[in-house]
Amino acid sequence: MRIKKILSLCISSLLLFLAFPMQNVKADTYTILEAKEFAQNLSKGVVHKNITYFTTEGWININVLKVDLTDKYTDVSVIFNPTGIKDRMPVREMANSYGAVAAVNGDFFDTKTGFVIGATVKDGRLITDPSNEGKLATFSIDANGVPSIEYWSKSMSVTLPNGTKLPLAAINKISNTFEYLVMYTRDWFTTSPGANENVPQLVEVVVDENDRVLEVRQGQPSVEIPQGGYVLAGAGYVGENLLTLKPGDIIQKDINTNPPFQNLKMAVSGGTILVKDGKIAPFTHEIKGYTARTAIGYTQDKKYLIIATVDGTSSRGMTQTEMANLMISLGAYDALNLDGGGSTQMAIRPIGDTDAKLANYAPEGYERKVANGIGIFNTAPKGNLYALKLEVSDTNVFIGLHRTITVKGYDENYNPVIINPEEVLFSVSGITGAFSGNAFMPTSVGEGVITARVGNAIGTIKITSLDKPVDIRFNPANIVVDKNKAVPITVTAKNIKGYRALIEPQDITWDVYNNIGNIDSKGVFISSNFDASGALVANILGEKAILPVKVGQGSEFDTSVLPKVAEFTQIDPANKEVPVKNTSNSFKFMVFGDTKYNTLLKLQISLKAADIANKEYPLAIFLGDVDEKVLNNLKVKYITTNEKYEVYNYNSSTFIALNNRSGSLLSPDKNQWTWFKEQLSNVKGDNLFVILPKPVWGSDGFKDVKEATLFEETLKEFNKNTGKNVWIIYNSKSKFYTTLNDEIRYITTYGTDVEGNTNDIYNDFGFISVMVNGKEVNYQFKNLINK
């Protein structure tokens, strides 16, 4: 019964979004090529959704909160630095300070002084007053939980006992001149601004909760603001009038807003209204260009809030009109533009977690301090442990190695519950393995499910056990570091088919060569306190890999003392010469790099490649830039990489030639990605060979790592769904290199246009011979000219 209940909760979390499906996003300037979505409950009344678009204009990353205003345990409030709105704070820190399950940035603020531009209301208390302009709207929720977005007006003044009426310019906002009257409450800070070098004769009047003057000060430091009271501050003409007050005087204040702030549970201002009555509204305030954005809105029945952020770092961002269209597509009937750019931040607290984390990318590489935000709260009473959530650093693990499991708990209302690790009971199905505390070591290969149990509460996670690692990689790939510095090292490995898994520090034995430093138990390298060169050698289940290290200015180091490490090609079962029958499903082809030349020797090398193709291969592939003289000498079918993208069907295989010379498939032709995906549905035979003029990965590859990842993931999905072989053949600066990533083969060689070689015709130039026998594809690297 309990398991069924857990499943019903998970299903309901998805239904919350399914009840409000996204309409088509209007995108006049881009086409969505790929879309991915992930939804998760943060509480019963709050769902977070991440939406990623890969478009013809680049990446768009969207985070959405849908908040059920009818849920009795869901609360929405304004948040700001708990010490007062005077000091800004990142949204994530605000969320954790107040215990919110989610939060976003709020109003615009003056970048020089930090004060909030518009209105801030909390529990019927006006913390900051509306903007004077009338072009900046405000989002609010009244005492009955009904949201609205309106342009506010205000009327604020203070009348002194002598009848003088002074306009109140602002509440809890800073001024450089204080030529106008400003009021400060405890929501500002515990103390008033006080006199400063800009306003050395500032007059401050301390007033209690009954509007009675307690003290009149001029040119003095900050003073404590009374609880429930306030401080009036001004200079010049305003200051002269304030100096007529004396202790015991009663001040009459007249502070009004339309709508009345006293009736509101919360309010936060922003910029223009984006959407009104389901349509894009006339903009009264506009931030131009493609940038990060934040917006808040609600559905037509006013039962759900919709809050969205769009990233601008490593992403395209959106125009203000596009943001309005996005809010409409998400179901917003009315919507408001909040502060954006570097201020755009959304923090979420996933179930089982005790702290919120940033859901979007840090806009400027760090979390900007902002003036205020909107916090979403789960007010449900805390209950007993209901279910568990399991997390691992990588769901792949090699047989005989460890994977540490983090177990988190939550109650029926999604409140986090602290778990005692000693009470967790683990089991595994689908594969065999052993547990040591919260670490799992598989003893068989395959896909399994790990189950954790504490009392009646359970949680599961899928795990894949891989066979022996054969190829170890480091991040960073080499270490150049100053003396006495720490460098974290991440170690991954592949099996013979290219499936990868993260290696935990406890499974690595390190050998240090030439006293370059040491590695701690967490896998962090600590460099020595003197100049040295050497290496770290990782030993994982008998497989070794070398990580070069240079500390400071380095030193002499004899690399011959390092162990011999086998290259992947030496153990790669596909690296062998096999016969072919020259039939439709048994043939071979030749791969040579570019044929640009600046010497007569290189021209002769290129012509030699063409001659070998004519004599021995029915099909030749030339990568990179190919000279017409070489093509004119070819008498067999050939494929080249040029400015076009084309598909070729040859016998039992399909060859797709793409153009990534610009570092992207989107340039110079934005249609190339769409065309490429269309071709994948029409691949003939058992094998797909993708031909590129440049690499996918590395400094010479795709400029956008996310696009490179999507390219590879697209081909992995194709391989998984069809069972067809996938080879990516590309031109590079390597004489020869091959690797596998999850059964996707990368293979490369250069031609003649390469720097740094010695032009040794026997050893510097070669080609790849690929032999196809149905679904079995083999390769050999061969020298172009033999002695």
Side-chain angles (χ1 to χ4, degrees), residues 567-569 574-575 588-646 648 650 655-663 689-702 708 727-739 745-771 777-786:
E567 295 183 2
F568 173 66
T569 52
N575 183 14
K588 63 181 179 177
F589 63 89
M590 169 189 179
V591 178
F592 188 75
D594 47 35
T595 61
K596 285 179 65 176
Y597 62 91
N598 52 14
T599 65
L600 182 60
L601 173 63
K602 286 189 175 182
L603 172 61
Q604 294 304 315
I605 291 294
S606 298
L607 294 175
K608 176 64 176 178
D611 183 56
I612 291 176
N614 290 334
K615 291 179 179 178
E616 302 179 26
Y617 293 90
L619 174 66
I621 295 174
F622 284 81
L623 306 167
D625 297 316
V626 183
D627 190 85
E628 286 295 327
K629 290 184 179 180
V630 176
L631 297 182
N632 292 337
N633 277 274
L634 284 171
K635 297 179 175 58
V636 296
K637 293 182 179 180
Y638 62 85
I639 299 172
T640 62
T641 55
N642 49 43
E643 299 299 326
K644 297 180 180 179
Y645 43 92
E646 299 179 86
Y648 308 85
Y650 184 84
F655 296 78
I656 298 178
L658 299 172
N659 179 11
N660 69 331
R661 292 173 185 270
S662 67
F689 298 97
V690 180
I691 317 298
L692 299 172
K694 295 184 69 175
V696 175
W697 302 102
S699 58
D700 292 330
F702 282 61
W727 284 45
I728 300 173
I729 304 172
Y730 62 96
N731 187 61
S732 75
K733 295 179 180 179
S734 297
K735 180 180 178 181
F736 174 69
Y737 174 77
T738 187
T739 191
R745 167 83 61 180
Y746 288 85
I747 193 164
T748 182
T749 185
Y750 61 59
T752 56
D753 184 26
V754 62
E755 298 177 359
N757 62 8
T758 61
N759 291 334
D760 180 339
I761 61 172
Y762 299 110
N763 297 309
D764 283 347
F765 302 103
F767 65 94
I768 303 170
S769 176
V770 181
M771 295 141 281
V777 184
N778 299 94
Y779 70 88
Q780 282 267 283
F781 179 76
K782 301 189 174 201
N783 289 324
L784 200 65
I785 300 174
N786 296 312

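Keep in mind that the numbers below use all heavy atoms, side chains included, and drop hydrogens, waters and symmetry copies. This structure is a prediction, so every number in the text was calculated from the model and none was measured.
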Item to complete: Not counting sequence neighbours, which residues clear ring pair (Phe, Tyr, Trp, His ring centres under 6.0 Å) with Phe736? List them please.
Response: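 Phe736 satisfies ring pair (Phe, Tyr, Trp, His ring centres under 6.0 Å) with Tyr779, Phe781 once adjacent residues are dropped.
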
Worksheet item: Which residues pass the side-chain hydrogen bond (donor to acceptor under 3.5 Å, both in side chains) test with Tyr645, sequence neighbours left out?
Response: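 With sequence neighbours excluded, Tyr645 shows a side-chain hydrogen bond (donor to acceptor under 3.5 Å, both in side chains) to Asp669, given in chain and number order.
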
What closest approach, in Å, do [X] and [Y] show between heavy atoms, and which atom pair accounts for it?
| X | Y | result |
| --- | --- | --- |
| Arg745 | Phe568 | NH1-CE2, 3.9 Å |
| Ser732 | Tyr750 | O-CB, 3.1 Å |
| Thr752 | Lys602 | O-NZ, 3.0 Å |
| Pro618 | Lys588 | CD-O, 3.3 Å |
| Asn614 | Asn633 | ND2-O, 2.8 Å |

Taking [Y]'s backbone N and O only, do any of them form a donor-acceptor pair with [X]'s side chain (distance below 3.5 Å, no angle check)?
| X | Y | answer |
| --- | --- | --- |
| Asn642 | Lys644 | yes |
| Thr749 | Phe592 | no |
| Thr748 | Tyr730 | yes |

[atom1]/[X] to [atom2]/[Y] distance, rounded to the nearest 0.5 angstrom?
| X | Y | atom1 | atom2 | value |
| --- | --- | --- | --- | --- |
| Ile605 | Asp764 | CD1 | CG | 9.0 Å |
| Ile729 | Thr641 | CD1 | OG1 | 11.0 Å |
| Leu631 | Ser606 | CG | OG | 10.5 Å |
| Leu603 | Lys608 | CG | NZ | 14.0 Å |
| Leu692 | Ile656 | CG | CD1 | 10.5 Å |

Item to complete: Determine which pairs satisfy salt bridge (charged side-chain N to carboxylate O under 4.0 Å, His left out) with at least one residue from residues 612-628, sequence neighbours left out, and list them in order.
Response: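 Those involving residues 612-628 are Asp611-Lys615, Asp625-Arg661.
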
A side-chain contact here means heavy atoms from C-beta on lying under 4.5 Å apart; do [X] and [Y] qualify?
| X | Y | value |
| --- | --- | --- |
| Pro695 | Tyr746 | no |
| Trp727 | Val770 | yes |
| Phe767 | Ile621 | no |
| Phe702 | Asn660 | yes |
| Ile785 | Phe765 | no |
| Gln780 | Asn575 | yes |
| Phe655 | Phe589 | yes |

Fill in: Criterion side chain to side chain contact (heavy atoms under 4.5 Å, CB included) on Ile761 and Leu784, from CA distance to verdict
CA-CA 8 Å; Ile761 61 172; Leu784 200 65; over 6 Å; no

Practice prompt. Tell me, with the steps shown, if Tyr617 and Val636 meet side chain to side chain contact (heavy atoms under 4.5 Å, CB included).
Written response: CA-CA 8 Å; Tyr617 293 90; Val636 296; 5.9 Å; no

Fill in: Derivation of the side chain to side chain contact (heavy atoms under 4.5 Å, CB included) call for Leu623 and Ile691
CA-CA 8 Å; Leu623 306 167; Ile691 317 298; 3.4 Å; yes

Item to complete: Please determine which of Val591, Asn731, Leu634 meets the side-chain contact (heavy atoms from CB on, under 4.5 Å) test together with Phe622.
Response: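 Of the listed options, the one satisfying the test is Leu634.
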
Worksheet item: Within a reach of under 6.0 Å around CD of Glu567, are more than 12 heavy atoms found that belong to other residues, nucleotides or ligands?
Response: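 Count not over threshold, so no.
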
Worksheet item: Counting only heavy atoms not in Lys735, do more than 12 fall under 6.0 Å of its NZ?
Response: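 More than 12 heavy atoms, drawn from other residues, nucleotides or ligands, come within 6.0 Å of this atom.
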
